[in-house]
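What follows is a set of notes on a single structure, which appears directly below.
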Amino acid sequence: MLEKINAMMAEIEALKASNADEIEALRIKYLSKKGEITGLMAEFRNVAADQKREIGQKLNALKAAATERIEALKAEYQSEDHIDTNIDLTRPAYPDEVGTRHPLSLVRQEIVDIFARMGFSIAEGPEVEDDWHVYGALNFADDHPARDMQDTFFVQRDPIVVLRSHTSSVQVRVMNQQKPPIRVVCPGRVYRNEAISARAHCFFHQVEGLYIDKDVSFADLKQVLHQFAVEMFGPNTQIRLRPSYFPFTEPSAEMDVSCTLCGGKGCSMCKGAGWLEIMGCGMVDPNVLEASGIDPKEYTGYAFGMGVERIANLKYRVKDLRLFSENDKRFLNEFAAAH
């Protein structure tokens, strides 16, 4: 037994390895459950009683020497001489998940790009606005329902400050700061005091447009909106304009497009009508021009406004508006290919 221990000690002292696999093989050979040192430990039960003390000490020293030598080989291999300098040690252990653009951002950008190709520039303004820019300058009567707390979020009452209920307030700012010709689109988030459901939300996004110049007509408005519909929904898209009412335009109209699902034949999406409403529009009321210091006898103009969520619903067949603001990654990841 002592001869075996001494011979194995000599082997261990002479151990060498050139890579991690060889080091692991040595560990298994000597220190694993079926290793040689474990085998000697098993033979220890057969040693005579008067030799157990001496041989037991030798076995413990052998195991300690084997452990120490293998650890030394590991430390030698892991020294700077063996480090792969091409590895970036500051890199995260797991790759960062790359995000994607939100579907509303995709649709908003597409809308803005279409009008940019037609010569419209982008104008933006504050979401917290005073009463004049949101209502007063846009020909809203003092008792108009939109001014009620049931429809508008009030920040303060004196002076009146609100969360804007439409991006028309940006149009007012542009008219106050810029002389005609004016050709802008105003994208942004707006707020209305509505119950949240699959079809409505207390905040949503709009893109409104404004064009003011000499001799602007309703025919110009119709042509621009038809071109937008064709580029947004496809070359076979048809539009129709229905008479409506808005305080800031006269005449006013609602614009429908032929159903993007059935092509105007009638389906569940368009409720059999073949048409889908997407925006309001009209000629800028002379009172609005005059309120912003523009001579309505010299200039005319048109305005239009659409909900980005509404366009996204038609484009991507999303039936629940709440999905756009809940940040469900399963929903958002569906739009990764739309970039």
Problem set entry | Residue of the set E309, H201, H102 for which side chain to side chain donor-acceptor pair (under 3.5 Å) holds with S325 |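 Only match with S325 under side chain to side chain donor-acceptor pair (under 3.5 Å): H201.
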Kindly assign one of parallel, tilted or perpendicular to the pair [X] and [Y], based on the angle between their ring planes and the thresholds 30° and 60°.
{"X": "F304", "Y": "F115", "result": "parallel"}
{"X": "F335", "Y": "F331", "result": "perpendicular"}
{"X": "H166", "Y": "Y135", "result": "tilted"}

For this session: Step by step, work out the ring pair (Phe, Tyr, Trp, His ring centres under 6.0 Å) result for Y211 and Y302.
Result: CA-CA 5 Å; Y211 177 40; Y302 61 71; 5.4 Å; yes
Look at atom [atom1] of [X] and say whether more than 12 heavy atoms of other residues, nucleotides or ligands are closer to it than 6.0 Å.
{"X": "E22", "atom1": "CD", "result": "yes"}
{"X": "E3", "atom1": "CD", "result": "no"}
{"X": "R240", "atom1": "CZ", "result": "yes"}
{"X": "R53", "atom1": "CZ", "result": "no"}
{"X": "K52", "atom1": "NZ", "result": "yes"}

Seminar exercise, completed: The side-chain contact (heavy atoms from CB on, under 4.5 Å) partners of E54 (sequence neighbours excluded) come to L2
For residues [X] and [Y], is any side-chain donor paired with an opposing acceptor at under 3.5 Å?
{"X": "E11", "Y": "Y30", "answer": "yes"}
{"X": "E231", "Y": "Q227", "answer": "yes"}
{"X": "D113", "Y": "Q109", "answer": "yes"}

For this session: Would you sort out whether D295 and K297 count as a salt bridge (charged side-chain N to carboxylate O under 4.0 Å, His left out), showing the intermediate values?
Result: CA-CA 5 Å; D295 187 354; K297 295 180 181 179; over 6 Å; no
Exercise. Do V162 and D131 come close enough that some side-chain heavy atom pair is under 4.5 Å?
Worked result: no
For this session: Verify salt bridge (charged side-chain N to carboxylate O under 4.0 Å, His left out) between E43 and K4, making sure each step is shown before the conclusion.
Result: CA-CA 11 Å; E43 293 181 22; K4 289 183 179 180; 3.5 Å; yes
